[in-house]
Amino acid sequence: MEALKKNPAWKGRRGPVVLVIMDGVGYGHFKEGDAVADSKMYNLTALTAKSPNTKLKAHGKAVGLPSDEDMGNSEVGHNAMGCGRVFNQGAALVSKSIETGAMFEGTAWKEIVSNVKNGSITAGRAPTLHFLGLFSDGNVHSHLDHLKAMISHAKKEGVKRVRIHTLFDGRDVGETSALEYIDPFEEFLKSLCDNNFDVKIGSGGGRMWITMDRYGADWSMVDRGWQTHVLGTARQFASAREAVETYRKEIPGIIDQNLKEFVITEGGKPIGTIEDGDSVIYFNFRGDRALEITAAFEEDNFDKFDRKRRPKVCYSGMMEYDGDLHVPKRYLVSPPSIDRTMGEYLAASGVRTLAISETQKYGHVTYFFNGNRTGKFDDKLEDYVEIKSDVIPFEQRPWMKCAEITDHVTEAIGCGKYDFIRLNYPNGDMVGHTGVYQAVVCSMESMDIQLGRLVKAVDAAGAVMVITADHGNSDDMFEHENKTGAVSLKADGTPKSKTSHSLNPVPCIIYDPEYKGEYLNEPKTASLNEGLGISSIASTCMQLLGCIPPEDYDRSVLKM
């Protein structure tokens with residue numbers, strides 16, 4: 001990797017460039033439900049008023065997703081910001097692999113199918129192909145169309161028995177939409193069943209209650225998932241619909257992502273336990289919430305919880321979730337090959353870097369920002385800091401760890417050790433996903449207090465601050481009718497909460513208190529290039545560091 005060329009016209013600054021990623025904070029399209037606009041964000045408002053600013057695209061094709069109807073997410077958002085270009089991302093890659101048939105011609109799929117086709121009948125049942133993953137069409141972690149295509153193809157290839165382990169969403173789709181997916185899916189399964197093909201839902205639960213933990217924040221989620229999907233020890237029901245309806249009656253107000261675990265039984269016995277000789281496909285294409293359950297299946301020396309029984313299975317992920325550690329060992333679709341990231345260029349150029357967030361977004365500001373790469377490019381030049389997140393529902397602590405992150409960053413800005421600092425405030429996304437409006441407003445105002453502290457540190461050090469986001473979320477907290485835009489109401493007349501990401505643009509604000517005239521710097525949007533996506537953040541930061549961005553990077557927002 002060659003070092004970046006220096007810009008001889010850049011006059012330098014005393015302090016570092018500070019990239020502030022306000023996760024899940026966009027510009028709302030509707031007045032009702034825009035918790036960002038509804039919050040008293042005095043510091044963000046003041047920065048916007050006195051600094052050049054613009055809006056950046058953070059969804060759809062601007063971040064490598066198949067269409068502009070697809071919500072952005074933290075994974076692809078940080079990829080785009082960190083690599084400075086747009087790569088086709090998980091959903092698009094998987095869809096193409098299915099459409100062309102490449103998935104089914106690959107070694108991983110053939111091994112998965114061969115394992116169950118050639119296995120022997122044990123305890124009165126044929127070897128089983130299990131599908132485990134997020135049960136929705138949110139297209140952030142998974143898509144039901146991918147699951148349906150694989151089940152159908154498995155039947156064509158002669159697989160006899162299939163079980164599906166459903167992780168309900170309520171986060172990237174409607175918060176209580178589970179039955180809208182279960183009922184048509186059950187009809188789809190019935191259309192496939194015959195004397196030679198047995199396919200059923202075997203277990204399930206909410207994504208934030210079982211299985212889909214990330215960054216080691218709460219391994220008890222994975223433990224509950226293992227007991228449910230593998231051991232079949234959860235509460236028993238006759239159908240997935242019955243499980244959902246029962247939990248909703250017993251726990252008023254519960255939303256899909258928090259639904260308790262269940263197994264489906266026939267004759268008093270779970271129908272979907274995972275046994276020796278079975279095959280398992282984890283069909284999520286996004287990596288952050290796939291690594292821990294993958295470790296439980298694949299690692300010999302596993303100590304996060306007592307697995308009690310570890311079946312000998314043929315396991316595959318949808319994609320390679322960690323390209324450096326090569327996890328999982330077997331995967332159906334290769335991830336995008338992201339090279340020459342901003343982090344790699346900065347390391348080659350001798351730029352001293354700090355990356356920091358709390359646990360919930362630590363992997364985003366490191367692993368995803370670095371192009372799905374674990375570890376540092378240069379141990380001597382880079383420091384990564386993780387502030388441990390609370391293991392508690394975020395609506396109960398909506399301020400999260402933004403103050404602790406700021407404690408560390410304000411000191412880092414003034415210490416003279418770093419040239420570039422990037423940080424992620426998770427509040428807008430993680431609290432936004434709870435659907436609790438009051439908590440989201442609290443989270444925004446808490447974060448805004450910390451922005452004020454950053455401004456003081458930037459002023460004192462003569463630094464430059466770039467404020468942006470990876471996607472929208474807290475800016476769109478109510479469901480709206482498609483045609484009229486009116487707020488959708490619950491039976492009690494209150495707004496129906498929206499817990500998914502938005503399709504809204506996100507901020508880009510350049511705060512440069514010791515500006516020296518190298519670029520157009522006036523407090524209006526016309527001062528910056530418009531119509532760009534968040535992939536332009538990389539070139540922007542490189543220019544503010546006094547470097548010339550690579551020619552194939554998406555252009556900077558700065559008018560030099």
Side-chain angles (χ1 to χ4, degrees), residues 19-30 33-34 36-37 44 47-48 51-93 138-140 172 286 336 338 341-342 361 364-365 368-369 371 422 424-425 428-429 432 466-477 480 485 498 500-510 524-544 549-550 552-559:
L19 174 60
V20 181
I21 302 169
M22 304 183 298
D23 212 295
V25 176
Y27 292 106
H29 179 68
F30 301 104
D34 186 345
V36 178
L44 184 61
L47 283 165
T48 304
S51 306
N53 61 90
T54 189
K55 297 178 180 180
L56 298 178
K57 299 175 184 176
H59 75 284
K61 294 179 180 179
V63 289
L65 297 173
S67 79
D68 285 336
E69 297 302 313
D70 293 316
M71 297 174 291
N73 61 69
S74 297
E75 176 189 20
V76 301
H78 284 77
N79 276 171
M81 285 188 282
C83 71
R85 294 153 290 159
V86 178
F87 288 80
N88 281 338
Q89 288 290 344
L93 291 173
N139 221 30
V140 174
D172 300 323
R286 176 168 160 173
I338 299 177
T341 63
M342 178 185 180
K361 296 294 179 177
H364 291 80
V365 83
F368 289 124
F369 197 92
R422 62 180 184 264
N424 180 299
Y425 287 133
D429 190 39
V466 179
I467 301 174
T468 190
D470 54 346
H471 57 77
N473 185 337
S474 51
D475 44 281
D476 193 15
M477 292 299 302
H480 291 82
K498 181 180 178 182
S500 62
H501 297 167
S502 73
L503 301 178
N504 295 326
V506 300
C508 180
I509 304 166
I510 310 297
K524 55 185 179 181
T525 57
S527 296
L528 301 179
N529 291 315
E530 299 178 356
L532 303 177
I534 54 175
S535 55
S536 291
I537 290 295
S539 289
T540 303
C541 291
M542 287 175 171
Q543 287 183 334
L544 292 170
D552 64 340
Y553 266 40
D554 291 340
R555 66 175 177 154
S556 165
V557 302
L558 302 178
K559 292 182 178 180

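The structure displayed is predicted, hence computed values, not measured ones.
- L56 has its side chain within reach of I537: a pair of non-hydrogen atoms, C-beta onward, lies under 4.5 Å apart.
- Partner M342 forms a side-chain contact (heavy atoms from CB on, under 4.5 Å) with one of C541, C83, P550 and no other, that one being C541.
- Annotation: salt bridge (Lys or Arg N to Asp or Glu O under 4.0 Å) contacts of R422 (sequence neighbours excluded): none.
- Remark: D172 pairs with R207 by the salt bridge (Lys or Arg N to Asp or Glu O under 4.0 Å) rule, at least two apart or across chains.
- Among residues two or more places apart in sequence or in another chain, the side chain to side chain contact (heavy atoms under 4.5 Å, CB included) test is passed with H59 by D68, L503.
- Partners of K57 under the salt bridge (Lys or Arg N to Asp or Glu O under 4.0 Å) rule, at least two apart in sequence or in another chain, do not exist in this structure.
- Shown here are the side-chain hydrogen bond (donor to acceptor under 3.5 Å, both in side chains) partners of S536, two or more places apart in sequence or in another chain: there are none.
- Here F368 pairs with H364 under the ring-ring contact (aromatic ring centres under 6.0 Å, His included) rule; sequence neighbours left out.
- With sequence neighbours excluded, the residues forming a side-chain hydrogen bond (donor to acceptor under 3.5 Å, both in side chains) with Q89 are N79, listed by chain and number.
- F30 pairs by the ring-ring contact (aromatic ring centres under 6.0 Å, His included) definition with H480, not counting sequence neighbours.
- Residues passing the side-chain hydrogen bond (donor to acceptor under 3.5 Å, both in side chains) test with S535 are D554, sequence neighbours excluded.
- The side-chain heavy atoms of S74 and R286, taken from C-beta on, include a pair separated by under 4.5 Å.
- Under the ring-ring contact (aromatic ring centres under 6.0 Å, His included) criterion, Y553 pairs with Y345, not counting sequence neighbours.
- In this structure, the side-chain hydrogen bond (donor to acceptor under 3.5 Å, both in side chains) partners of H501, at least two apart in sequence or on a different chain, are D429, H433.
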